[in-house]
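Report on the following structure.
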Amino acid sequence: MKVLLFARARDLIGADRIDVDAVATIGELRRRLMRQYPHVAGLLEKSAFAVNEEFADDNVTILDGAEVALLPPVSGG
Amino acid sequence: MKVLLFARARDLIGADRIDVDAVATIGELRRRLMRQYPHVAGLLEKSAFAVNEEFADDNVTILDGAEVALLPPVSGG
Amino acid sequence: MIRLTRDAIDYHAMTEEVRRRDCGAIVLFLGTVRDLTGERITVALDYEAYPAMAEKKLAEIEAETRTRWPVGAIILEHRLGHLEVGDVSVAVAVSCPHRAQAFEACRYAIDRLKELVPIWKKENWSDGTTEWVHPGA
Amino acid sequence: MIRLTRDAIDYHAMTEEVRRRDCGAIVLFLGTVRDLTGERITVALDYEAYPAMAEKKLAEIEAETRTRWPVGAIILEHRLGHLEVGDVSVAVAVSCPHRAQAFEACRYAIDRLKELVPIWKKENWSDGTTEWVHPGA
């Protein structure tokens, strides 16, 4: 599955989308990314995720083909 | 002494300034005008006065040469 | 800055005038002539002022607002004379470092203006009658 | 109406667009790039968005605001890309029948925008360094 990256997360990981092995939930994805990118762990802990352009907390299930995005704390305005 | 009139008070009295015999205080002026213009008494009761462009309540003394104005409830904006 | 005017209020220019490099927030309020007041249809309004006192009170409101919030720039402008439906009768533009300040300062200034400044409006109703507006009287 | 744009925000046009005969109050909020954040000097900001979700969230905020207040018209617009000090990054224009409604609706919309919409800014400090702004992280 693909995960879209933005802002500092994208800069630290060095790509605007990454491929990760399929996981069942957002919580699992968060933990997987924290292991895979330990230098981004602090930001990952504070970040939100979106599934199909809707905020998704850790217990949300990721269905096949969903668009998943990692959203660091927003600062628009 | 002269009293400046505005809005409905001016229309009811029919002049934009009137001469009244000198009085000591705003309260006296208010009562005098209510006697002199009984058809304006209701509005006079609800109106403010100004002395030298400053709101003046009934116990304010009117000094010689002061600019006195009758101010019906305001509705700017 | 405060202004009474008989011309159309140039609120675009006002917005530009309050921009400041150290202010991240601008709030502009416009009061316009509405077509309905309750059930009655307004076709126009006439505004009159006690001009010298109105300018003095507007200047006091500017000063009070600057005391309470870190205002970069503030302009209060009120139009007088005959206004048609849709015309802008009053405009307040404020810049502050942060948005909460700008909202509060602008709201305070227009609330005080409506409470304190000796300006009166006369309704011109669609049935041809006119009526001075004196809240509470 | 909501818009993401890479061009300068035409907030004068927005102000005109929200004018309505049945609305006596317009409030316009502009967020501009400030030169100072705390002690540090900003020379520019770069804004990026997750565009599809940002548009979806902006549309939700418009709908929420219309549910809570009798909004005549509302426009939320956010600029993306490279902005210099003084540039307008975001604008919200609202018209309502009365002023309290217009102030509250505009304030609500910009507060929700800053809380919910996936847009991020990168500070370009005067010492040549850059830094993404992620409140609390």
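On a predicted model such as this, the values are computed, not experimentally measured, just so you know. Protein chains get the first letters and strands the later ones, always in sequence-line order, with residue 1 at the start of each.
- Looking at D/Lys56, only its side chain comes within 4.5 Å of chain A, counting heavy atoms on both sides.
- Contacts between A/Glu54 and chain D at a heavy-atom distance below 4.5 Å involve backbone atoms as well as side-chain atoms.
- One finds the CZ atom of A/Arg8 at 5.0 Å from the NE2 atom of D/His134 (value rounded to the nearest 0.5 Å).
- Note that CG of A/Asp11 is 7.5 Å distant from OG1 of D/Thr130, once rounded to the nearest 0.5 Å.
- Taking the side chain as every heavy atom from C-beta outward, A/Pro72 and D/Trp132 never approach each other to under 4.5 Å.
- D/Leu45 does not touch chain A: none of its heavy atoms, backbone or side chain, sits under 4.5 Å away.
- If you take CE on D/Met53 and CZ on A/Phe6, they are separated by 9.5 Å, rounding to the nearest 0.5 Å.
- Between A/Ala7 and D/Glu48, the shortest heavy-atom contact is N-OE2, 2.9 Å.
- Between D/His78 and A/Gly77, the shortest heavy-atom contact is NE2-N, 2.8 Å.
- Expressed to the nearest 0.5 Å, how far OH of D/Tyr50 lies from CD of A/Glu67 amounts to 3.5 Å.
- Looking at D/Val117, the atoms closer than 4.5 Å to chain A (heavy atoms on both sides) all sit in the backbone: N, CA, C or O.
- Nearest heavy atoms, A/Ser75 versus D/Val133: OG-O, 2.7 Å.
- Heavy atoms closer than 4.5 Å to chain D are found in the backbone of A/Asn52, but not in its side chain.
- Neither the backbone nor the side chain of D/Ala54 comes within contact range of chain A, judged by heavy atoms closer than 4.5 Å.
- The greatest number of non-hydrogen atom pairs below 4.5 Å with chain A, out of D/Lys122, D/Glu115, D/Lys57, is found for D/Lys57.
- Shortest non-hydrogen contact noted between A/Val74 and D/Lys114 is CG2-O, 3.5 Å.
- The residue among A/Pro73, A/Ser47, A/Ala50, A/Gly76 with the most heavy atom pairs within less than 4.5 Å of chain D is A/Pro73.
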